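The sequence lines fix the lettering, A, B, ..., with proteins before strands; numbering per chain opens at 1. What you are looking at is a predicted structure, and each value in this text was computed from that prediction instead of being measured.
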Amino acid sequence: MVVRIQRYPAITSPFESISTFEQEIDQLFGGFLGTGAVRRQYPALDVAEYEGESVIVAELPGVRREDVKISVQDGTLTISGVRKETATPEKSTWLRNESHAGEFSRTVQLPHEVDLNAVGAELANGVLRIVLPKAATALPREIRVK
Amino acid sequence: MTKNTEVAVMQQNTGLPMTRPEAQENIVVPFVDICETPEAFVLILDMPGVSKESISATMDRGSLIVKGSVKPYHRENAFLLFNELRNASYYRVFNIGEGIDRSNVEAQFEHGVLTVKLFKSDELKSREIQIK
């Protein structure tokens, strides 16, 4: 599912077109699962913007570095991978299960043009930080008035 | 972010609410998986963003109290385009019944996940009965 990022004021770039059809399907799917509350996407994440870059922070407890993959395509960024189940000895029973184990994948729209050569990512203590430096075209430029 | 709020904490298995008036900050209840093995109960708590030094797991009479504090995820001048993360301290209380050897508890923290092993005391372990 693609997350649409709202930017205010609403000068939308041509890269930001997610069809409303897709949004309706998302809402439908959420409602169909019962309670009416939209099912939370996994992994949960924040997108923070700074002057020269954006940073995506995602919570991925229990996921190892080698089990997560980040890919960028067509103005979107996808975080995917797998959280391996903790090994349990034989004859053990699960009494309660609240966490999310197994495969996951989430796609986010890139908030601006990104300098792909300078993207960095690190995973520590279950938190993934992806730094997306703004491409030269995305940096604010002063226009001189004659 | 609200300060000076009383946080109601549900005790596992009893459903009795227990208020903690000293809670001054936002609290997140970490997700837990509970697994029973022949020797122990294993609690797996998701606590991403916590550093090992700031975790505390305390066995206090019949309660296991797990706490962990996090550093802010973003710098001061961040403009959040999208915000789903709570970025708050973790806190959860578990009611530990009898049959757990309270002096024998192991805990490990890795990849943002805290694993607590509560070993069963002898009376809870299943024993084969010899039939003569």
Can you list the steps and then say if B:Phe31 with A:Asn97 is a side chain to side chain contact (heavy atoms under 4.5 Å, CB included)?
-> CA-CA 8 Å; B:Phe31 286 146; A:Asn97 184 255; over 6 Å; no

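- Here the shortest heavy-atom pairing between A:Gly62 and B:Val113 reads N-CG2, 3.2 Å.
- Taking hydrophobic clusters as Ile, Leu, Val, Met, Phe, Trp and Tyr residues chained together by side-chain heavy-atom distances below 4.5 Å, B:Leu80 does not share a cluster with B:Val28.
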Taking it one step at a time, do B:Asp46 and A:Arg83 satisfy salt bridge (Lys or Arg N to Asp or Glu O under 4.0 Å)?
-> CA-CA 12 Å; B:Asp46 283 0; A:Arg83 174 179 181 175; 2.9 Å; yes

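- Using a 4.5 Å cut-off between side-chain heavy atoms of Ile, Leu, Val, Met, Phe, Trp and Tyr, with links allowed through other members, A:Val131 and A:Leu139 fall into different hydrophobic clusters.
- Within the structure, every pair that satisfies the side chain to side chain donor-acceptor pair (under 3.5 Å) test and touches residues 52-62 of chain A, not counting sequence neighbours, is listed here: A:Glu53-B:Arg75, A:Ser54-A:His112, A:Glu59-B:Tyr73.
- Summarising the geometry of B:Pro48 relative to A:Gly126, their closest heavy-atom pair is CB-O, 3.5 Å, with the distance given to 0.1 Å.
- Side-chain contact between A:Leu45 and B:Phe82 is present, with heavy atoms from C-beta onward closer than 4.5 Å.
- Heavy-atom distances place both the backbone and the side chain of B:Ser51 under 4.5 Å from chain A.
- Shown here is B:Lys120, whose NZ atom has more than 12 heavy atoms of other residues, nucleotides or ligands within 6.0 Å.
- Surrounding CD of A:Glu66 are more than 12 heavy atoms belonging to other residues, nucleotides or ligands, all under 6.0 Å away.
- The part of A:Arg129 that comes within reach of chain B is its side chain, from C-beta onward, which places non-hydrogen atoms under 4.5 angstrom from that chain.
- Taking CD from B:Glu76 and OH from A:Tyr50, the interatomic distance works out to 10.0 Å, rounded to the nearest 0.5 Å.
- You'll find the side chain of A:Leu95 reaches within 4.5 Å of the side chain of B:Phe41, heavy atoms only.
- Note on B:Leu43: it does not cluster hydrophobically with B:Val29, by side-chain heavy-atom contacts below 4.5 Å among ILVMFWY residues.
- Taking the side chain as every heavy atom from C-beta outward, A:Arg96 and B:Val32 approach each other to under 4.5 Å.
- No side-chain heavy atom of A:Trp94 sits under 4.5 Å from any side-chain heavy atom of B:Ile34.
- Taking CD of A:Glu49 as the reference point, atom CG of B:Asn77 lies at 11.0 Å (rounded to 0.5 Å).
- In terms of heavy-atom pairs under 4.5 angstrom with chain A, the leader among B:Glu39, B:His111, B:His74 is B:His111.
- Closest approach of A:Ala48 and B:Ala78 over heavy atoms only: CB-CB, 4.0 Å.
- Taken together through direct or relayed side-chain contacts under 4.5 Å among Ile, Leu, Val, Met, Phe, Trp and Tyr, A:Leu123 and A:Leu77 form part of one hydrophobic cluster.
- Criterion: ILVMFWY side-chain heavy atoms under 4.5 Å apart, direct or through other members. Under it, B:Phe109 and B:Val66 are part of a common hydrophobic cluster.
- A donor-acceptor contact shorter than 3.5 Å links the side chain of A:Asn125 to the backbone of B:Val50.
- Looking at B:Ile44, the atoms closer than 4.5 Å to chain A (heavy atoms on both sides) all sit in the side chain, from C-beta outward.
- B:Leu85 is listed as a side-chain neighbour of A:Val57, based on a closest heavy-atom distance under 4.5 Å.
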